[in-house]
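What follows is a short report on a single structure.
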Amino acid sequence: MKKQNGETGRILSRIEHAEQWRDGAFRDAWETWLAQYRSKTAPKEAGRSNLFIPYTMMQCEVVKARVAESLFVTRPYITLLPRGDEDEENAKKAERLLDWQMNERMEIKPLFRDEVLIDAIVLGTVIVYTGWLKEERLTRRKERILQPLADGMGGYYLTANGEPAMIPQLVVVEERKLIYDDPICQRVDLFDFYVDPLAVTIEDARYCGHREYLTKAQIEELCQSAGWRVDWKTLSPVQDICGGREIRAALSGNTLQDGDSEERADGMYLVHHYWEDDRHAVIINREQLALDEKNPFWHGMKPYDRCCYVPLSNEFYGMGIPEMLAGLQAELNTTRNMRLDYNAMAMRRMWKIRKGCGLTARDLVWRQNGVIELDDMVDIQEINVQELSYSAFTNEDVIKQDMRDTTGVHDIVMGLSEADETATTTATKDNNANLRFQHFIEAVVEQLLVPIARKCLALDQQYLEESRIFRLLNEEMDELYQVDAFDIAGDYDMYYVGTSTEPLASREQNKQRILEAYSLAMNNPLVQQDAEAQLNLLRKVLEAMEIRNVEQLLPRLPQPATAEGTMMGTMMGAAPAETMMNGVASAQLPGMMTADGVLMG
């Protein structure tokens with residue numbers, strides 16, 4: 001690679017320095033933690049047991065499931081509060097737009113469940129990129145058009161007016177269709193991300209970025225849409241692809257074959273994105289500066305967010321569960337393998353034979369119905385192996401308990417409890433275990449979900465051009481909403497409302513308490529006279545039971561009578577009595593009678 005000078009050389013020098021620091025300090029450790037999560041064993045010794053007990057993987061998966069279940073409980077996940085009374089309606093519209101984009105377009109829930117959380121839990125740190133994507137695609141569809149009806153002789157059938165007879169036909173029409181024009185949220189592989197070695201957070205980093213591999217067609221499209229400038233005469237595809245995906249595949253043994261490697265490398269170019277707070281640059285193949293511009297996003301921030309499972313003081317990268325359990329996992333594997341080796345040794349018995357008795361080792365090999373002839377019974381004796389003591393089995397339980405104490409993933413978190421355990425004891429254990437997860441859940445909310453939502457709203461205010469008509473695919477799916485760029489203008493405060501760290505046992509107890517409170521309230525005479533209070537109580541009960549479409553199940557309140565209707569009913573009720581006093585039947589009155597006996601109407 002040629003040495004670059006000028007601005008390209010300065011940016012490239014920063015990138016290479018950050019990558020060398022990352023690979024030298026963390027790459028081997030990350031590969032070790034991934035192998036431990038995947039339960040990969042070291043090379044096996046001949047004749048020895050080599051099992052890897054997947055306890056680390058189980059702990060990671062339980063934490064991931066528990067956190068994912070707690071993060072996305074209710075929709076919308078984000079609530080917007082206006083900073084002025086005039087923005088209250090806009091805040092509601094922006095909230096609906098964010099809810100639709102995060103669920104239907106960005107698919108934030110499966111992204112966090114399948115990618116984001118597992119990176120933070122296993123590697124200790126996760127990086128998420130938030131940007132804007134506008135994508136078109138050539139599509140085909142059938143369209144009904146009218147065509148003249150041919151008569152088979154080069155002419156057309158005519159109508160009575162002398163015009164060609166037209167018949168409908170279906171034809172295939174091609175068109176370029178805008179399929180995506182919304183924010184995007186992607187996990188950035190730690191093996192592809194680089195950051196200023198002096199940084200502790202994304203905000204205080206002088207620079208950061210990531211690498212990716214793109215085809216020539218993708219780069220040419222970015223030249224048209226994003227203003228990249230590329231001199232293809234001096235560029236050639238990379239020979240080796242070494243991204244995060246390839247590193248992870250090599251750890252699992254899924255390396256590419258030579259032919260596949262050449263096919264993938266053909267036409268692939270290495271692209272580095274370089275970000276400062278007010279700058280964005282792109283370098284291709286560590287040679288060409290394809291783009292150098294001001295930060296294209298109006299929010300003026302780097303488009304990355306970071307979260308750690310266990311943050312370490314004054315360090316950018318955090319600690320994950322495999323690192324916490326590394327020693328205990330090795331001890332667990334060794335204990336299990338030693339016990340298996342001992343059992344195998346006990347089953348493969350050894351013998352003592354008297355020298356000169358005529359027996360050989362071949363005579364001691366087991367044969368069905370075999371017989372060994374001896375001159376004296378002392379010529380052969382078995383070497384007895386003692387049975388394993390009970391402590392050899394309890395030691396493994398101690399190790400597992402130490403691992404559960406380290407991570408906070410106790411049996412109660414996995415849905416297990418003692419047979420003779422009371423409900424109160426189970427709830428207490430569940431509450432105590434839940435405290436270990438609260439800190440991580442709050443970190444995910446404060447460091448990822450809220451910043452991502454804030455960036456998405458800023459991107460909507462910047463890039464949203466046409467009004468959006470959408471439907472929220474949750475409880476009320478029958479209503480369509482329309483939002484345009486003017487509806488989401490303004491400044492808002494955000495807070496996350498989609499999370500619930502309440503343990504399952506406590507949730508069940510709260511349901512029972514709400515039912516008891518509802519029964520007590522309904523026996524109160526004041527509540528019995530207030531239909532609206534009864535309806536609100538019923539709403540709370542149905543919501544506590546986690547029943548969907550609550551509003552559709554609730555009865556409607558009776559409409560209050562208007563003043564005019566009340567007066568009408570009162571006077572109509574008094575009319576028959578007054579009419580009878582005057583000897584006139586009420587059915588004969590076409591209208592109403594005043595207090596003076598004057599007939600109205």
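Formation of a donor-acceptor pair under 3.5 Å by the E143 side chain with backbone atoms of V173 is not found in this model. With hydrogens and angles ignored, the 3.5 Å screen pairs no side-chain donor or acceptor of N285 with any backbone N or O of V238. N314 contributes no side-chain N or O that, together with a main-chain N or O of V200, makes up a donor-acceptor pair within less than 3.5 Å. Checked by atom type and distance alone, the side chain of T125 pairs as donor or acceptor with a backbone atom of G318 at under 3.5 Å. Remark: the backbone N or O of C208 is not paired with any side-chain donor or acceptor of K302 at under 3.5 angstrom. Looking at D119, its side chain never comes within 3.5 Å of a backbone N or O of V116 through a donor-acceptor pair. Using modelled atom types, no side-chain atom of D493 and backbone atom of R83 make a donor-acceptor pair closer than 3.5 Å.
Here the side chains of H17 and P197 are in contact, with some heavy-atom distance below 4.5 Å. For the pair Y309 and V67, the minimum side-chain heavy-atom distance is 4.5 Å or more. Within the 4.5 Å cutoff, no side-chain heavy atoms of Q461 are placed close to those of W298. In this structure, L98 and P76 have side chains that are not in contact, with every pair of non-hydrogen atoms separated by 4.5 Å or more. Counting only heavy atoms from C-beta outward, the side chains of E465 and K134 approach each other to under 4.5 Å. A heavy-atom distance below 4.5 Å is found between the side chains of R14 and Y274. Counting heavy atoms from C-beta outward, L325 and Q59 have side chains that approach closer than 4.5 Å. Contact of the H272 side chain with the E19 side chain is registered, since non-hydrogen atoms from C-beta on lie closer than 4.5 Å.
Residue V195 comes nearest to A205 through the heavy atom pair CG2-CB, 3.9 Å, listed as atom of the first residue, atom of the second, then distance. Closest approach of L178 and E135 over heavy atoms only: CD1-O, 3.5 Å. Scanning both residues, Q101 and D460, for their nearest heavy atoms gives OE1-OD2, 2.7 Å. What you find for R306 and C308 is that their closest heavy atoms are NH2-SG, 3.5 Å. Closest non-hydrogen pair, P451 versus V445, comes out as CD-O, 3.9 Å. What you find for Y492 and N90 is that their closest heavy atoms are OH-CB, 3.2 Å.
Under the ring pair (Phe, Tyr, Trp, His ring centres under 6.0 Å) criterion, F52 pairs with no residue at all, not counting sequence neighbours. Qualifying ring pair (Phe, Tyr, Trp, His ring centres under 6.0 Å) partners for W232, counting only residues two or more places apart in sequence or in other chains: Y269.
For E61 and K64, the salt-bridge test passes: some basic side-chain N is under 4.0 Å from an acidic carboxylate O. We find that R211 and D192 are joined by a salt bridge, their nearest charged nitrogen and carboxylate oxygen being less than 4.0 Å apart. A salt bridge links R27 to E31: one of the charged nitrogens lies within less than 4.0 Å of a carboxylate oxygen. Under a 4.0 Å N-O distance rule, the pair D181/R468 qualifies as a salt bridge.
Annotation: the span from D99 atom CG to Y481 atom OH amounts to 9.5 Å, rounded to 0.5 Å.
A cation-pi contact, defined as under 6.0 Å to the ring centre and within 45° of the axis, is absent between R248 and F191.
Sorted by first and then second residue, the pairs that involve residues 196-207 and meet salt bridge (Lys or Arg N to Asp or Glu O under 4.0 Å), not counting sequence neighbours, are D196-R206.
Below 30°, between 30° and 60°, or above 60°: for W275 and Y129 the angle between ring planes is between 30° and 60°, a tilted geometry. In this structure, H273 and H210 have parallel ring planes: the angle between them is below the 30° cut-off, well short of the 60° mark. Using bins of under 30°, 30° to 60° and over 60° for the plane-to-plane angle, the ring pair Y496/F72 lands in the perpendicular bin.
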Does the ring-ring contact (aromatic ring centres under 6.0 Å, His included) test come out yes or no for Y317 and W30, once each step is laid out?
CA-CA 11 Å; Y317 295 104; W30 291 340; 5.1 Å; yes
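Side-chain contact of T234 with Q288: a donor-acceptor pair under 3.5 Å is present, judged by distance alone. Checking S49 against N337 by side-chain atom types alone, a donor-acceptor pair falls below 3.5 Å.
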